[in-house]
Protein chains: 2
Amino acid sequence: MSAVTSRSSELPFTLRQLQLFVAVAEAGSLTGAADQLLLSPTAVSLAIGHLEKALGETLFTRQRSRGVALTSTGRFVLDRARAVLHTADEFLQDTRVGPDRLTGAVTIGCFQSLGPTVLPILLSTFTERHPAVEISFVEGSQDELSQALEQGTIDVLVCYDFTLPAGSERARLGTRDPAVLLPGGHWAACDLDTPLDVTLLAAEPYILLATPVTEQHALKVLGTLGVEPEVRYRSTNIETVRSLVGRGLGWTLILQRPAPNRTYEGLPVVTRVLRGDAPPEVVVLAWRRNRPLSRVARALVEHARVVVPEAERRSDRVHDAAAPASVVEH
Amino acid sequence: MSAVTSRSSELPFTLRQLQLFVAVAEAGSLTGAADQLLLSPTAVSLAIGHLEKALGETLFTRQRSRGVALTSTGRFVLDRARAVLHTADEFLQDTRVGPDRLTGAVTIGCFQSLGPTVLPILLSTFTERHPAVEISFVEGSQDELSQALEQGTIDVLVCYDFTLPAGSERARLGTRDPAVLLPGGHWAACDLDTPLDVTLLAAEPYILLATPVTEQHALKVLGTLGVEPEVRYRSTNIETVRSLVGRGLGWTLILQRPAPNRTYEGLPVVTRVLRGDAPPEVVVLAWRRNRPLSRVARALVEHARVVVPEAERRSDRVHDAAAPASVVEH
DNA sequence: TAACATTACGGCTACCGTAACAATA
DNA sequence: TATTGTTACGGTAGCCGTAATGTTA
């Protein structure tokens with residue numbers, strides 16, 4: 001509704017006309033400008049004439065064999081014309097590929113639980129590499145994000161490989177090992193470096209992280225290990241789940257292991273990897289196969305493909321250093 | 001030589017395309033934008049397609065029956081496109097006639113000796129009336145100024161009517177009475193309110209203001225009064241002439257009477273009007289008959305036609321008040 | 001079926017170049 | 001005569017509209 005009338009109506013002049021006008025003003029003659037622009041004097045003469053008619057003002061006085069001279073209003077218009085052409089140039093520079101500097105915008109969608117571990121490294125290194133690019137992200141549920149990817153609202157999506165719909169291209173970023181989260185004082189909260197047989201926990205109350213994807217994933221993993229958990233509480237907030245576990249109200253299965261072994265309440269929790277056939281889940285950067293990636297998005301994919309796995313390896317070494325006797329296989 | 005390559009080459013997009021792009025982004029669909037712009041969806045579709053091809057990026061994702069959605073780079077481009085259209089709008093607003101506010105530029109040429117009395121009143125009142133107009137002036141000799149007027153470098157010219165070349169349109173601004181300038185102690189420096197018979201001065205040395213126009217004018221006026229002056233010194237600087245007179249080195253004929261009755265050296269001088277057939281010279285605002293005046297210049301002429309004569313009348317009343325017994329006829 | 005985008009085709013206008021003309025130094 | 005701007009004319013490309021087609025809710 002914001003009715004800017006001049007936007008709905010046609011502009012009475014052309015960028016081309018302004019271009020030629022400035023060229024003539026700088027050259028001092030139509031012919032000179034025509035030579036520089038590889039045009040015929042005719043084209044230049046007509047363009048200037050049209051612009052003058054459009055504005056209803058005389059821009060140049062014509063001295064037959066001495067070229068042209070700017071009128072007073074011509075000088076006035078010259079300044080403004082330069083301003084318009086300048087923003088048009090800027091538009092082009094920002095929009096098209098520059099020789100050195102990558103410009104544009106890219107929006108990352110990121111599955112909620114992966115945000116804290118993937119987005120920081122991605123944003124910081126990419127911004128450092130391409131400071132002129134406007135990078136932003138959206139966190140959300142799998143549904144929201146795949147819809148946004150479909151709509152083009154986001155360029156790429158950080159998520160687990162197994163959640164990807166058909167028609168997705170992907171780049172592998174890293175893996176997440178499923179693990180059991182236990183309260184600090186639990187009977188199994190010892191020998192943290194040895195895998196745990198989860199069937200021993202089957203009878204104890206289970207705290208379910210109830211977001212659409214994680215819920216099904218946890219139940220499926222436990223199912224393959226022969227466990228049907230006794231769900232006591234459900235929450236869509238991972239920190240609520242951790243806090244409930246910290247209170248000794250149950251145990252849970254998690255893919256994301258925050259560095260601190262404390263809940264928001266300050267209570268201790270521990271993680272133990274699973275014994276048996278529980279494969280690590282693959283984290284990927286995904287995009288629609290049928291839709292061409294923007295230049296900036298392509299750069300982001302190439303960047304992420306290198307930087308994120310490297311960061312994950314460094315992160316694992318930190319984990320290993322914290323648990324030197326670990327037998328966890330990578 | 002300042003080679004901005006993008007200026008000499010053609011821009012790969014159109015203001016029209018940006019216009020339609022923004023409209024579609026705001027409407028959310030090609031059809032909606034087409035309706036608002038009174039266009040067919042075809043035109044809009046093609047324009048968007050061309051813009052996308054020109055930039056090499058996809059701006060919208062098309063959801064068949066739900067319109068279109070901006071991509072990430074689409075949002076990026078949208079901001080820049082709005083910026084370009086904004087300056088284009090500004091260009092139009094400044095350049096064409098606005099509904100209320102007059103904008104543009106005008107340059108006044110002014111005959112050197114008329115500057116101090118005409119320009120201040122003209123500039124101050126016109127700026128007050130039209131604050132958005134860029135008004136400027138050039139002072140110079142008759143030759144320089146009429147050439148500038150011919151070239152269009154200046155829009156209008158303040159000068160004496162008798163100096164005007166053929167083909168000039170004019171608006172009367174006021175008059176200047178020729179007068180005799182005498183040193184303070186001169187035998188004729190009394191009875192200032194009675195006209196002076198210049199033939200009585202014919203034998204005394206004359207100081208000639210030797211600028212091209214004033215020189216011939218003074219000699220012509222004195223000739224019609226039967227006086228051929230004894231030229232002792234010549235100067236192109238009016239204040240030098242006044243100082244020489246103040247020193248008692250001679251007398252002169254002037255058209256401009258500065259308010260102070262002292263020379264730069266502080267010596268007293270007096271003016272007396274002529275007795276006989278010495279008509280006042282008419283000061284005019286002139287422009288080329290064959291060249292259309294710009295909007296702003298037209299406004300300036302109309303303004304000057306009213307304001308300057310009024311100011312001259314007020315100035316005369318001040319003179320009269322200073323010399324209440326004057327018999328000078330107006 | 002309704003809504004929307006796209007493609008195909010024809011008409012119109014704008015832009016460009018060649019050629020001829022006019023005006024000035 | 002040489003330089004420059006303008007007009008006349010013809011060709012090409014771009015823009016627009018109508019009609020038909022394809023796709024999705």
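The chains referred to below are lettered A, B, ... by the order of the sequence lines, with proteins before strands, and numbering in each begins at 1. Predicted model only: the values in this text are computed from it and were never measured.
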Inset, instruction - Report which part of the nucleic acid B:Leu20 touches: base, sugar-phosphate, or nothing (heavy-atom distance under 4.0 Å, all strands). - result: nothing
Inset, instruction - Give B:Ile48 one of three labels, base, sugar-phosphate or nothing, depending on what nucleic acid heavy atoms sit under 4.0 Å from its own. - result: nothing
Inset, instruction - Take nucleotides 5-13 of chain C nucleotide by nucleotide from the 5' end and write B, S or -, depending on whether a protein heavy atom sits under 4.0 Å from the base, only from the sugar-phosphate, or from neither. - result: SSBB-----
Whole Å only: how far is the [atom1] atom of [X] from the [atom2] atom of [N]?
X	N	atom1	atom2	result
B:Gln36	C:dC4	CD	P	13 Å
A:Leu37	C:dC16	CG	P	10 Å
B:Phe60	C:dC4	CZ	P	15 Å

Inset, instruction - Over 60° means perpendicular and under 30° means parallel, so classify the ring planes of A:Tyr160 and A:His217, tilted if in between. - result: parallel
Legend entry - 5' to 3' contact window, DNA chain D with chain B (heavy-atom distance under 4.0 Å): D:dC15 to D:dA25
Inset, instruction - Identify, between A:Ser65 and A:Ala47, the residue whose nearest nucleotide on DNA chain C lies closer to the 5' end. - result: A:Ala47
Identify, with sequence neighbours excluded, every residue that meets salt bridge (Lys or Arg N to Asp or Glu O under 4.0 Å) alongside [X].
X	answer
A:Arg234	A:Glu215
A:Glu281	none
B:Glu169	B:Arg289
A:Glu134	B:Arg80

Considering only distance and modelled atom types, tabulate donor-acceptor pairs under 3.5 Å from the side chains of residues 296-304 of chain B, sequence neighbours left out.
unit_1	atom_1	unit_2	atom_2	d
B:Arg298	NH1	B:Leu293	O	2.8
B:His303	NE2	B:Thr125	OG1	2.8
B:His303	NE2	B:Phe126	N	3.3

Legend entry - Those residues that, when tested against B:Phe21, pass ring-ring contact (aromatic ring centres under 6.0 Å, His included) (two or more places apart): B:Phe60
Inset, instruction - Sort and list the pairs that fulfil ring pair (Phe, Tyr, Trp, His ring centres under 6.0 Å) and have at least one residue in residues 35-54 of chain B, not counting sequence neighbours. - result: none
Inset, instruction - Measure from the side-chain heavy atoms of A:His50 and tell me the nearest of C:dA25, C:dC15, C:dG17. - result: C:dC15
